Amino acid sequence: LTSALTGMDYNQHKKAIDDIVSKEKYLKIASQAAHQERFRNFKPASELWRIAQGLAVTQADCTWCELRADTCRVAAEGKRFSINSNESNN
């Protein structure tokens, strides 16, 4: 990391640090969401996945959070989620 920051001007350095901090925030919230989901606390898990989605640095992370949030929301409503049809079933 230190070598990656060498030769950067102030703005580049600040952006690199901000990106690291953003990723850390995302990972903390996503970890909390996953924990809630593992313990079948689907409503708070869904809410945490949405927050993590807003903090996601990559499109892949953003998409993953969206899918997890939707799945947890459906589970919180007591429904089953069908991947094939994108419809929920009772």
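Only this structure's heavy atoms are used, side chains among them; waters, hydrogens and symmetry mates stay out. The model shown is predicted, which means the values in this text are computed figures rather than measured ones.
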Practice task
Identify the two heavy atoms, one from Tyr26 and one from Ala56, that lie closest to each other, and give their separation to 0.1 Å.
Solution key: CD1-CA, 3.7 Å
Fill in the blank from the handout: When His35, Arg40, Gln36 are each screened for side chain to side chain contact (heavy atoms under 4.5 Å, CB included) with Arg38, the one that passes is His35
Practice task
Taking Glu77 for its side chain and Val74 for its backbone only, find out whether a donor-acceptor pair lies under 3.5 Å.
Solution key: no
Problem - CG on Asn11 to CG on Asp18, rounded to 0.5 Å - result: 10.5 Å
Exercise for the section: Salt-bridge test for Asp19 and Lys23: reply yes if a basic N is under 4.0 Å from a carboxylate O, no otherwise. Expected result: no
Fill in the blank from the handout: Between Glu37 and Ala45 the two heavy atoms that sit nearest each other are N-CB, 3.7 Å
Practice task
State, to 0.1 Å, how close Ala34 and Trp49 come at their nearest heavy-atom pair, and which atoms those are.
Solution key: N-CZ2, 3.8 Å
Exercise for the section: Just grab all the salt bridge (charged side-chain N to carboxylate O under 4.0 Å, His left out) pairs involving residues 46-60, residues at least two apart or on different chains. Expected result: Lys43-Glu47, Arg50-Asp70
Problem - Joint cluster assignment, Ile17 & Val57, ILVMFWY side-chain distance < 4.5 Å - result: no
Problem - Atom pair CG/SG of Leu55 and Cys62 - distance to nearest 0.5 Å - result: 10.5 Å
Practice task
Side-chain contact test, heavy atoms from C-beta onward, threshold under 4.5 Å: evaluate it for Gln32 versus Ile29 and give yes or no.
Solution key: yes
Problem - Interatomic distance, Met8 atom CE to His13 atom NE2 [nearest 0.5 angstrom] - result: 8.5 Å
Exercise for the section: Test side chain to side chain contact (heavy atoms under 4.5 Å, CB included) on Phe42 and Arg73 and set out the steps. Expected result: CA-CA 6 Å; Phe42 295 118; Arg73 180 188 48 80; over 6 Å; no
Exercise for the section: Give, for atom CZ of Arg68 and atom CG of Leu48, the distance between the pair rounded to the nearest 0.5 Å. Expected result: 13.5 Å
